[in-house]
Amino acid sequence: MAVVATLIAGVGLRAGGASAAADAVTIARGRYLATAADCAGCHSVDSGPAFAGGVALKTPFGTLLTPNITPDRETGIGAWSDEQFYRALHLGVGVRGEHLYPLFPYDSYTKLRRDDVLAIKAYLFSLPAIHQVTPPQRLSFPFDQRWLLGWWNLLNFRAGEFQPNPTRSADWNRGAYLVEALADCGACHTPRNLTLGPQSDAQFAGAMVGSWRAYNITTDPVGGIADWSNAELTSYLATGVAAHKAEAVGPMADVVEHSLSLLPAQDIADIVSYMRLVPGIRLRTQGQSRFSWGRLNNPVIDIRGNENLEHPTGRTLYYGNCAACHGGNGGGTTDGAYPSLVHNTVVGASEANNLVMTMLAGVHRTVQGHMVAMPAFGAVLSDAEIAALANYVLNSYGDPGIAHVDAAIVAAWRAEVQPTPGLVTAFWASLGAVMLLLGVAAYGWRRWRRH
Amino acid sequence: MTYNIAVINRDADMTSSTRRQFLRAGACAAGTLALLAPGKLMLQAVAAGDAKPATPRVALSRFLCGWPNLDERIVARAFTALSATDGAFTAHAEALWQAITTAVIPDVSAFRASPLYAEATHRATALALLSAFYLGVVGSGDTAHLVSYEAALMFASTQDVTPIPSYAIEGPGAWGSIDHAASG
Amino acid sequence: MATQFDADVIVVGSGVLGSLTAHALAQAGKSVIMLEAGPRMPRWQLLERFRNVADKSDFNRAYPDQAWAPKSSGGPHSDDYLQNVGPLDYRPGMLKLVGGTTWNWRAAAWRLLPNDMRLKTLYGVGRDWPIDYDALEPWYAKAERALGVCGNTADDQSGRGGAAFPPRSQDYPLPMLPWSYYTRTIAAQVEAAGFAFCDEPSARASQPYAGRPACAGTNNCTPICPIGAQYSGDVHATLAEQAGAQLRENAVAFRLERAGAKIVAVHYQSPDGKPTRLSARAFVLAAHGIETPKLLLLSELANSSDQVGRNLMDHTGIGVTLLAREALWPGQGPVQQGAMLHWRDGEFRRRHAAIKHALGNAVPNRAVAARLLAQGVIGPELDRRIRHDAARTVQLATAFEMLPEPSNRVSLSGSKDALGLPKPQIHYDVDDYVRAAAAVARQDHRRIAEILQADVFDADSGWRNGDHILGTTIMGADPRDSVVDGDCRTHDHENLFLATTGVMPAGGVVDPTLTGAALALRLADLLGRSV
């Protein structure tokens, strides 16, 4: 990968058009682009063959299984032409002319240049063909009606390759291509509108990913990352760690491990250049930044010999489960290998999701061969115990104002319960309203035509 | 003797200053501290002392340990445990403190060199109390009393190098890169 | 006519060997019930119990002490459970809770040497195993994977400083943990003087493994790993349940019932004495080396050889504490990292026992402080001396191989426990084979002290338990002088197997858990295909 990175420093135009003949350089570029776009993140099951699909993605409308994109002719994309592949990424259209579900982020990939798209195809076609059937999508009515996605596209989608902005630097433009066309940070970090399209006026202002929260990464000084140094941002993206401040957990840990940590240093620098110019937005009331909360504390004299282990408090659970690594006082280890919970961007967030999810699921992140792991306490602690523990951590090291986690919400987060039917109803209602309006307009038009 | 509290990040009662500032202070302080008092590094468990005048038992405990901030709750636990096994202990402790203050003995080193320490009861009292604070336990077996664990003073003088068992001090495998050959 | 059974297989004991067996059988599609005498306890609670316990000199004390399932020590119900009637007070580590005694161990995970299994043939002492190393080797490899063992594949573990030995079909699944300065320095110095020093393979995650985090060096392996980097039997107890095995805790098995030569049921009591009978096609006793023979004796089973309970062996040993000239700083990393193996194998085994000197790496502050206070040291000098002496403390734990003696035995005492069952009675002594080795070992200790320019601090530790219970249900080819065959099947009862280190007819001089695990996986495989 280092060799590839040297060959293909950064994102730039390639001389020569895409061609059907796959040469080594094109394939290498395609592998690089597929890494930046983290295709494997959705199309590869962890323990399974590469790109054979079958990953289950939960949405409010049901669960979608990702397709097989290996060059198998029957069950994968082996029979696809260059044009068909390009239309899939550029327009979100499948080989039978059907709309693809926008969970596949064609609204980002539309920005990819044609020769880049075909380089990705060349890379995929260089891989082993895996015969693995993707079961047909099983969303409930009406969301199984793909033609409705035409409306989604109308509301949310503008096709078109990336156009460099001549008023911005070359670094920024490369960063924009990486962020908007490839890595698609907005897929997680941009809040969704009622149709689950991205809110264009709230780019990167923070959104939910299952039970996890993808934080506000705009330049807002309190809600976002304006106060992070370039070194911290660079380190975080490239390794998953900004020392003594932040650690990538949950889905972001996967992104770092499978995509960002494998990109050349110039790419990370370009992403940072781009993010520095994103307008600052703060959607939620947030009095102080995520990394400004907490103090070391010292409860051990109170608890030592005084605990009720049959009915433990959050503090007792902290000592039994967490203190060995994170310190009795919450300070972690000096080298930061076990992070401090004080001034910690997950502990100090304005909602408790990621803290609880990290406790439940643990942390698993391997970067440059270095494995970082925190156990999954969801396997050994009940919802009530997790709630008590979370509240102790929030009261001691985070925002006490949100220290009211209960067992019910832990259970819901554990199950990655999707947003309630309210959203679904709103979507259907708004769609119905649009159709009604168009119906009325069509009727009015006919009547006008008759006269 | 002064104690610099800003040595290790595991200190108690840090305010909202950033860890980085704290660790920088620690790096400077460590060198000074090593010269002054290699044994007097801060425990993670010992609270900052308060300004109230101490009772005789607290004063005696702090005097013997050489630790002006020794937590009163630990002192209380030690005295409860020692009195449970020896009904005369409290009286002996108060007599010892009385003797120390009367003789105006300035610190525990002077006490050790003084005739008071040669007196059997005073010596036994002092050692019983110190044992409680250093080992964290009074007695043995099923009837032993816990005084402290993490706050046990037996760990205080080595906690920059070795862990209080069951607590990590660095990340996985970090001990593999440590070389003590330079230090003594 | 088909008989209704409560399960295909009932496993008595949920420690590492019982849980490995139950898990393998459940994965093979068998219905399994596990019976555990003790309760189920989460790790966090055991950890806080340890931190809260006042007298930490006996690590067993951190564990729950229950009247219906006594431990080997560490509580009012447990302290007089084992009734020693011999010259030595034999009190090996034994816990009763889901996951068993490996909650509290140092995770040493050695293989036997091929020669360890041929003592009689090669050296004219003790007994041969009825199977050889090659038969066990593939199961060692599986056991290392199951327990997550880290080690140095290139080591010559026979102590001769040669090529990798014993033979292995697979590398260790995890790389060895880095040595601390203490271990590196001592290893280099003793090696230069001719004592072969070897890394101790251990069931410890040196990097994240199967959901366990990597070792953080909290130096608390015994009594309990705070984070689960070190393997403990609850890992496979949980996996067995996830694979479909049913685990009943607080269920004290007290009798096996037979019809003819077949075992048909096990009877167990709950803490309030209420009895339950469960039937199965086959039974595996995995109740460790004392309770397994006790259950057989209570049931009057499997004992046509009169060897049940006899031939009790351990790795009884001696210890020494040295005070080195230079600061070495024991206490960084896990509590034990390596051993001197120059007496592991050789012709000398005709005359005296094999010897292993394990280098202890525990934080020594408690013993150091207690000693200084006993000397009346107080004030700043106390802190200075604690730091000075703790940095220079070197601990050696020396183990000896024992030979099977029928008079070293577990039998039924006349005293009864809280459930009305006889307590185990133990007669135990060491013989001249061990005493001769102890004299050699003490010479080694003096030599090592010279090498490290150390004062010998505490030379007279007396005999110490090794916590390795061997021989009490001894394996052999001849039913007249052994309890189980090479497959761990009892000679007398075709459907009764024993998954315990008590089957081992010779233990070498290494901790037996990995060998027990290999035997358990092997018998589970056999049983899974035949039951």
Side-chain angles (χ1 to χ4, degrees), chain B residues 1 37-41 64-66 81 107-113 117 123 126-127 130-131 134-147 149-150 152-158 160-181 183-184, chain C residues 47 50-58 61 65 74-76 79 177-182 184-185 206-207 213-220 224 226-227 229 326-333 335 362-363 365-366 368-370 372-374 376-384 386-387 390-391:
Chain B
M1 201 177 275
K40 287 301 180 201
L41 297 170
L64 288 174
C65 294
D107 58 40
V108 64
S109 299
F111 168 66
R112 187 180 179 187
Y117 191 57
R123 181 188 171 96
L127 286 172
L130 280 169
S131 186
Y134 271 79
L135 305 182
V137 61
V138 173
S140 66
D142 296 319
T143 55
H145 296 261
L146 180 77
V147 172
Y149 172 57
E150 294 89 341
L153 295 179
M154 60 179 166
F155 294 123
S157 62
T158 57
D160 59 327
V161 185
T162 48
I164 296 171
S166 78
Y167 292 95
I169 54 176
E170 293 286 29
W175 60 86
S177 326
I178 296 175
D179 182 358
H180 293 290
S183 55
Chain C
L47 175 60
F50 160 67
R51 290 170 176 156
N52 286 334
V53 82
D55 180 354
K56 293 181 167 66
S57 60
D58 178 359
R61 201 178 302 281
D65 181 48
D79 284 330
L177 278 169
W179 282 354
S180 64
Y181 175 78
Y182 169 86
R184 295 198 296 270
T185 306
S206 53
Q207 59 194 41
C215 173
T218 70
N219 204 258
N220 205 66
I224 180 163
I227 64 176
E326 301 291 334
L328 297 171
W329 286 109
Q332 297 185 308
V335 300
V363 169
N365 293 37
R366 191 181 313 134
V368 166
L372 290 167
L373 283 164
V377 178
I378 64 175
E381 195 198 340
L382 176 57
D383 291 317
R384 249 191 318 268
I386 289 176
R387 182 180 174 90

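Per chain, numbering begins at 1; letters A, B, ... match sequence-line order. Computed from a predicted structure; not experimentally measured.
Each of C/A216, C/C215, C/S180 has some count of heavy-atom pairs under 4.5 Å with chain B, and the biggest count is that of C/C215. Here C/G376 is the residue among C/G376, C/A390, C/G74 with the most heavy-atom pairs under 4.5 Å with chain B. The greatest number of non-hydrogen atom pairs below 4.5 Å with chain C, out of B/G141, B/P172, B/A144, B/G136, is found for B/G141. Your options are B/D142, B/V108, B/D107, and the one with the most heavy-atom pairs under 4.5 Å with chain C is B/D142. Between chain B and the residues C/D55, C/I224, C/I386, the largest count of heavy-atom pairs under 4.5 Å involves C/D55. For the set B/A174, B/S177, B/G173, B/P165, the entry with the most heavy-atom pairs within less than 4.5 Å of chain C is B/P165.
Residues C/N219 and B/T162 have side chains that never bring a donor and an acceptor to within less than 3.5 angstrom of each other.
Aromatic ring pairs are classed by plane angle as parallel below 30°, tilted from 30° to 60° and perpendicular above 60°; the pair B/H180 and C/W329 is tilted.
With rounding to the nearest 0.5 Å, the separation of CD1 in B/I164 from CZ in C/R51 is 10.0 Å.
If you measure heavy-atom distances from C/V335 to chain B, you find no contacts under 4.5 Å at all.
The closest side-chain heavy-atom distance from C/I378 to B/F111 is below 4.5 Å. When side chains are defined from C-beta on, C/R184 does not count as touching B/I178, because their heavy atoms never get closer than 4.5 Å.
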Kindly determine whether C/F50 and B/Y149 satisfy side chain to side chain contact (heavy atoms under 4.5 Å, CB included), including the steps that lead there. CA-CA 10 Å; C/F50 160 67; B/Y149 172 57; 3.8 Å; yes
